[in-house]
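Just so it is clear, the values below take in all heavy atoms, side chains as well, and ignore hydrogens, waters and symmetry mates. The structure displayed is predicted, hence computed values, not measured ones. Numbered from 1 within each chain, the chains take letters A, B, ... in sequence-line order.
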Protein chains: 2
Amino acid sequence: MTSLGSSDVLPAAARLRKIRQALQRTPGVSVGAMARQLRVSEMTIRRDLEKLQQVADVRRTHGGAVLAERTVFEFSYLERQRARQTEKKAIAQAARQMIGEGQRIILDTGTTTLHLARLLKDVRNLTVITPSLAVASELQYAPEVSVVLLGGVIHRGSPDLTGPLTEHCLEVFSADWAFQGAEAIGPDGSVYNTDLQLAQVDRKMREKAERTCLLADSEKFGRTALIRGGTLKDFDILITDKNAPRALSALARKMSCRVMTV
Amino acid sequence: MTSLGSSDVLPAAARLRKIRQALQRTPGVSVGAMARQLRVSEMTIRRDLEKLQQVADVRRTHGGAVLAERTVFEFSYLERQRARQTEKKAIAQAARQMIGEGQRIILDTGTTTLHLARLLKDVRNLTVITPSLAVASELQYAPEVSVVLLGGVIHRGSPDLTGPLTEHCLEVFSADWAFQGAEAIGPDGSVYNTDLQLAQVDRKMREKAERTCLLADSEKFGRTALIRGGTLKDFDILITDKNAPRALSALARKMSCRVMTV
DNA sequence: GACAAAATGTTCGATTTTGTGAATTATTAC
DNA sequence: GTAATAATTCACAAAATCGAACATTTTGTC
């Protein structure tokens, strides 16, 4: 492949082109390989790569070079659980029914609320307030929906913003609904989060919404987690699935929280 | 010495990409398989995975690694930024020199500031406050940098947050530096933006920073744009490139704005 | 051909990356 | 629960790579 044409050294410009081509084919080139292939010293290749880095989308690395990354902005996170997708979708569907045109709603972080976000793309004149980059991303192109992203600190590997700034942002809003998930719901009706900051943000959200709704599939019941962020009393409605424990209805009623089962 | 075989050994960075690609194809990779496939020791793969976990959407597992779920914001505006790349990079480099460890800086929206963001990944103990999803995305995996995303409304097709909420968020901060771009700089030293909200947010940023710096390549001079957001008086330093007009220096001096040319 | 300028090659100490084996920790099987 | 097995981490030595300085070759110009 390299041996076509003259086996002599190439002019500099041609060498740069060859390096660039090689980069296009493979995920990266090594200084040594290029030097051998183009019959020049390694130092020359290094200087070439330095040059290419200046003028082209080539990035120098130890041992060689790679092509610069494409420019797509992505936030990534580890999906908590793929489990219970069906239940979560059904719960989201039920929540969707409660939202009307022109409303302002607060959508919390979580997989269930993310499902809900997907169902909101065609609600007319809707305002969605959220600390979740995933929710924001999901709705960014919905023409009828305006998305307000709350401020906050970005945590590595997590798709949501939390912290004092997030609470501070919420301060200025008032919404028709707040939809939240939970990590666990104890047998006494306590609602748990994994994280203190998250719990505080959640509390503030409930303050700022006229009505509040908790989305929790049946797996969440009877467990606990690190932070007790509130109780069922704090929610107007709880939406869950058919596998939720029997005792739940009575418990919720005592705490003046309506239960919807899907 | 280099003439030995080993023609298929990739530089480290390329290996990281291969691993990431493999991860994209299959739900997970094992340390052993990767080591065999890439002809390196398992220890090397472990170190690679550790690195990937730090800087990318990869999560380590016992025995291998998996890909974290991604949230993608895609914006098309980057296409036109090809122009003046070299100048913008050089300007960003100069700005980088002014930032020290442990500082808090505000980074505005724009392609030049995005270039600057790329140079900040290894600044220790840095806090970056920004309304730009692109900047936030760029720095989300920098282990030493904490990123505060300001709240605001997401506009379709634009990777940044603006509006009253953004200003409200800025209220609580105070920073060492504010770095901003501009759409145009008039012959009288007026600084122009394309958008009123952006201009207002910019003004607030300057209020909240001890020192302010304007990043503008020479193409911006002598033009105007929709909104007059401020003047060179509002900036302590202007960084530009060699092609900037001669008159600029005198003009800037009159407005007590230091000029750096790269 | 003679000269200067640019490009390339060489050498070498410093730095980064990699491999190895022992000690430690997690996972699995029982 | 415990033992057996696999994976991980740690520390250190070996190997590869880097870049600067200087030597050498090539190129362009008169």
Side-chain angles (χ1 to χ4, degrees), chain A residues 2 5-20 22-23 26-56 58-68 78 81 157, chain B residues 1-20 22-23 26-56 58-68 93 96-97 119 121-124 141-144:
Chain A
T2 19
S6 70
S7 59
D8 292 19
V9 287
L10 294 158
R15 207 177 49 230
L16 290 183
R17 234 188 8 257
K18 281 232 165 201
I19 293 173
R20 184 78 216 316
L23 268 169
T26 64
V29 300
S30 78
V31 174
M34 278 292 109
R36 240 170 299 128
Q37 214 167 319
L38 301 173
R39 320 271 172 102
V40 293
S41 74
E42 298 196 348
M43 196 63 225
T44 301
I45 298 293
R46 289 200 191 96
R47 286 189 271 242
D48 286 350
L49 293 178
E50 181 59 35
K51 240 173 273 171
L52 277 173
Q53 178 162 254
Q54 294 295 331
V55 302
V58 171
R59 223 179 53 218
R60 195 61 223 288
T61 70
H62 198 95
V66 295
L67 227 46
L78 183 61
Q81 297 176 359
Chain B
M1 42 148 87
T2 23
S3 51
L4 305 164
S6 75
S7 55
D8 50 359
V9 181
L10 292 167
R15 207 178 46 230
L16 291 185
R17 284 202 186 174
K18 280 228 160 197
I19 294 173
R20 177 115 192 337
L23 230 19
T26 62
V29 301
S30 80
V31 173
M34 278 293 109
R36 243 169 295 129
Q37 206 171 320
L38 300 172
R39 320 270 177 100
V40 293
S41 74
E42 297 197 347
M43 190 65 226
T44 301
I45 297 293
R46 289 201 187 94
R47 282 190 273 240
D48 286 350
L49 293 178
E50 177 58 32
K51 228 172 283 173
L52 278 173
Q53 177 160 262
Q54 292 291 321
V55 303
V58 170
R59 289 297 106 88
R60 198 61 223 288
T61 64
H62 201 86
V66 297
L67 206 58
Q93 278 284 3
R96 165 71 183 80
Q97 300 307 316
L119 301 173
K121 288 179 180 169
D122 56 349
V123 181
R124 299 239 303 249
Y141 285 114
E144 302 281 352

Sequence neighbours excluded, the answer for side chain to side chain donor-acceptor pair (under 3.5 Å) partners of R60(A) is none
When rounded to whole Å, the CD1 to C1' distance for the pair I45(A) and dA7(C) reads 13 Å
- Any side-chain N or O of R15(B) less than 4.0 Å from the OP1 or OP2 oxygen of dT18(C)? yes
Rounded to whole Å, CG of L49(B) lies from P of dT18(C) at a distance of 13 Å
Between R46(A) and K51(A), the residue closer to the 5' end of DNA chain C by nearest nucleotide is K51(A)
Distance col, row I19(B):CD1 vs L49(B):CG, nearest 0.5 angstrom, shows 5.0 Å
Could you go through nucleotides 23-30 of chain C and list every protein N or O atom that sits under 3.5 Å from one of its N or O atoms, giving the distance for each pair?
none

Let's test your reading of the model: under 3.5 Å, does the base of dG19(C) pair with the side chain of R47(B) as donor and acceptor? yes
One should read off an interatomic distance between L23(A) CG and L67(A) CG, to the nearest 0.5 angstrom, of 5.5 Å
Here the distance between atom P of dA21(D) and atom CE of M43(A), to the nearest Å, is 11 Å
Side chain to side chain donor-acceptor pair (under 3.5 Å) filter on K121(B), not counting sequence neighbours, yields E138(B)
Overall bend of the helix from dG1(C)-dC30(D) to dC30(C)-dG1(D) (five pairs an end, 10° steps) is 50°
To the nearest angstrom, the CD-C1' distance between E50(B) and dT17(C) comes to 16 Å
Taken to the nearest 0.5 Å, the spacing of M34(B) CE from T44(B) OG1 works out to 13.5 Å
R39(B) CZ to dG19(C) P, in whole Å, measures 13 Å
Fill in: Donor-acceptor pair, side chain of R20(A) and main chain of L52(A), under 3.5 angstrom
no
Between CG of L38(B) and C1' of dG19(C) the distance, given in whole Å, is 16 Å
When rounded to whole Å, the CD to P distance for the pair E42(A) and dC12(C) reads 16 Å
At under 4.0 Å, does any side-chain N or O of S41(B) touch on OP1 or OP2 of dG19(C)? yes
Inset, instruction - Determine: side-chain N/O of R60(B) to OP1/OP2 of dA7(D), distance under 4.0 Å, yes or no. - result: no
| task | Could you tell me whether T61(A) contacts a base, only the sugar-phosphate backbone, or nothing, with contacts defined as non-hydrogen atoms closer than 4.0 Å? | result | sugar-phosphate
Heavy-atom nearest pair, R17(B) first then V66(A), reads NH2-CG2, 3.6 Å
E50(A) meets the side chain to side chain donor-acceptor pair (under 3.5 Å) criterion, sequence neighbours left out, with Q54(A)
Please tabulate, one pair per line, all N/O donor-acceptor pairs under 3.5 Å involving side-chain atoms of residues 26-33 of chain B, not counting sequence neighbours.
| from | atom 1 | to | atom 2 | distance (Å) |
| --- | --- | --- | --- | --- |
| T26(B) | OG1 | A22(B) | O | 3.2 |
| T26(B) | OG1 | G28(B) | O | 3.2 |
| S30(B) | OG | A33(B) | N | 3.1 |

